[in-house]
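To find a chain, count down the sequence lines: A is the first, B the second, and so on, and within it residues start at 1. From a predicted model like this one, the values you see are computed outputs, not experimental measurements.
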2 protein chains.
Amino acid sequence: MNSAANALLTTDEPAETGAQQIRDAIRDAIVERRLSPGTKLSESDVGNLFNVSRTLARAALQALSYEGLVSVEKNRGAFVAYPSPDEARQIFAARRLIEPGILREAAARITTSEIQHLRQLLLEESRLISERGQTARRAEIKASGDFHLTLAAISGNTIMQRFMEELVARSSLVIALYGQSTISSCGHNEHGDIVSAIEAKDLDHACHLMLHHIAHIEADLDLRERKGQGLKEAFDL
Amino acid sequence: MNSAANALLTTDEPAETGAQQIRDAIRDAIVERRLSPGTKLSESDVGNLFNVSRTLARAALQALSYEGLVSVEKNRGAFVAYPSPDEARQIFAARRLIEPGILREAAARITTSEIQHLRQLLLEESRLISERGQTARRAEIKASGDFHLTLAAISGNTIMQRFMEELVARSSLVIALYGQSTISSCGHNEHGDIVSAIEAKDLDHACHLMLHHIAHIEADLDLRERKGQGLKEAFDL
DNA sequence: AGCGGTCAAATTGTATACGATTATTTGCGC
DNA sequence: GCGCAAATAATCGTATACAATTTGACCGCT
């Protein structure tokens with residue numbers, strides 16, 4: 001969630017404890033693909049990196065494990081999650097299941113200023129798409145997710161919002177692992193079409209577009225087992 | 001999730017670490033209403049109760065906070081969550097949003113043995129309803145939730161399953177706080193009707209029944225305030 | 001050389017210790 | 001007696017220390 005979306009609807013208390021900051025930092029690194037799936041996250045290393053004790057590092061890693069972004073194996077350590085193809089399918093199945101509902105709820109409550117905010121997100125997104133470079137690619141990934149998260153925020157249901165945050169973050173991991181085309185968000189302006197449908201109050205069409213949008217993202221994945229890297233994951237331990 | 005449902009579909013690893021055991025114990029206590037909303041859960045007290053250090057107690061409380069069952073306030077402590085009326089509405093809104101989707105998915109994949117398992121759950125449930133006593137009431141609460149959780153398990157999507165576990169647990173909290181009728185699960189045999197509709201492959205009707213079922217639970221709520229008991233009594237010391 | 005076992009290094013699991021923050025009680029003046 | 005301030009107690013936030021487990025390596029044996 002970027003600061004713009006933050007300013008819109010979130011309900012976070014100002015004072016963040018140390019572990020949360022570390023958690024957010026690592027999460028951003030994972031979502032922006034600066035940390036590859038399978039990377040080992042030793043408690044000591046994390047603690048040293050952020051100049052805190054292992055206690056806080058451990059707490060942050062535990063929190064990320066609840067979100068499904070890192071997997072902790074008993075007495076072995078924490079690793080950036082390496083979602084299996086089946087897990088990937090479940091993530092997108094979950095998105096297909098809940099995003100239409102969120103969309104309807106959001107469309108029913110959306111204000112003109114929120115529509116404007118969405119349009120601004122789209123603008124930023126297309127600007128990033130046209131840019132070159134790794135950093136632009138990373139920002140694009142984040143922006144693409146922020147569209148869905150903002151929609152969830154507009155829906156007014158903080159629980160669904162949190163579910164979506166998890167799903168979007170994990171989707172980023174899946175795309176990093178299995179995406180084939182370099183373009184992470186679909187080439188077309190599907191987000192814009194959805195906003196237009198919302199604006200036109202054509203909810204059925206908006207949901208239809210959303211489902212297709214998710215399907216397009218998933219269609220870009222090559223969900224075949226990849227061995228030679230995560231051997232342990234291949235035998236699912 | 002009871003042992004019967006466990007045997008069917010869950011994917012739990014045998015060895016559980018200490019904090020998880022404590023987390024589960026406290027969660028059960030909350031869901032079964034042995035711990036009232038608002039009860040203070042001091043890290044030291046929890047640690048002493050389970051004969052572990054504050055470290056593990058803290059980890060368990062953090063985990064429960066992520067599930068929304070306890071709220072931790074900075075430098076003040078952890079408390080059994082006291083969901084606001086608005087939070088309650090969001091919880092049931094979320095359930096209305098996702099349970100129909102889960103139901104459709106489950107109905108598409110359900111096997112005859114799973115249907116039989118569901119029927120057995122219903123039998124157990126109605127047996128508990130006819131019984132008297134506090135323990136029967138608690139078991140009934142759990143059984144009522146297990147129906148929904150089993151459906152989620154049958155759907156085959158572990159992510160949605162986890163979401164449902166959180167929503168069902170929090171629903172129990174809401175009902176404990178705001179429920180007015182002594183009957184926690186609806187008086188009628190709505191669960192049974194849903195299973196019948198699934199068996200008849202009438203998905204639309206099943207979803208309709210599910211939505212009404214959730215609406216009935218929500219209609220039994222009265223948004224007013226109540227307060228707590230004690231920690232030690234809940235764990236019968 | 002290949003195989004098996006024992007030991008050492010590294011990492012996690014848990015407990016304890018200390019500082020910081022909040023709640024409570026005490027004591028004083030009014 | 002009542003209200004307010006300072007001391008006291010309780011609790012949380014974080015760091016460090018120790019125990020348990022795993023992993024990899026070294027060494028002797030077949």
Name all pairs fulfilling the salt bridge (charged side-chain N to carboxylate O under 4.0 Å, His left out) condition that reach into residues 37-64 of chain A, sequence neighbours left out, sorted by first residue then second.
A/Glu43-A/Arg54, A/Glu43-A/Arg58
Would you please name every residue forming a ring-ring contact (aromatic ring centres under 6.0 Å, His included) with A/Phe92, sequence neighbours left out?
none
When the distance from CD of A/Glu73 to C1' of C/dT11 is rounded to whole Å, what number comes out?
13 Å
Measure from CD1 on B/Ile22 to P on C/dG13 and round the result to the nearest Å.
14 Å
Strand-adjacent residues in residues 53-71 of chain B, judged by heavy atoms under 4.0 Å from DNA chain D
B/Arg54, B/Arg58
Can you sort out the partners of B/Glu105 under side chain to side chain contact (heavy atoms under 4.5 Å, CB included), two or more places apart, ordered by chain and number?
B/Arg109, B/Ser155
For B/Glu87, which residues count as a side chain to side chain contact (heavy atoms under 4.5 Å, CB included) partner, sequence neighbours excluded?
B/Pro83, B/Ser84, B/Arg170
Under the rule for side chain to side chain contact (heavy atoms under 4.5 Å, CB included), what residues qualify as partners of B/Ala57, not counting sequence neighbours?
B/Val46
Test side chain to side chain contact (heavy atoms under 4.5 Å, CB included) applied to B/Val31 - qualifying residues, sequence neighbours left out:
B/Arg27, B/Ala169, B/Ser172
Measure from NZ or CZ of A/Arg23 to the centre of the six-membered ring of A/Tyr66, then state whether that distance is under 6.0 Å and the direction lies within 45° of the axis.
no
So if I take residues 42-51 of chain A and measure heavy-atom distances to DNA chain C, which residues fall below 4.0 Å?
A/Ser42, A/Glu43
Taking only residues two or more places apart in sequence or in another chain, which ones pass salt bridge (charged side-chain N to carboxylate O under 4.0 Å, His left out) with B/Arg138?
none
Sort me out a list of protein N/O and nucleotides 20-25 of chain C N/O pairs below 3.5 Å, or just none if empty.
unit_1	atom_1	unit_2	atom_2	d
C/dA23	OP1	B/Arg76	NH1	2.2

Taking salt bridge (charged side-chain N to carboxylate O under 4.0 Å, His left out) as the definition, give me every residue that meets it alongside B/Glu32, ordered by chain and number, with sequence neighbours left out.
B/Arg34, B/Lys142
Looking across every strand, which nucleic acid part, if any, lies under 4.0 Å from A/Val72 by heavy atom: base, sugar-phosphate, or nothing?
nothing
May I have all residue pairs that pass ring pair (Phe, Tyr, Trp, His ring centres under 6.0 Å) and include part of residues 20-41 of chain A, sequence neighbours excluded?
none
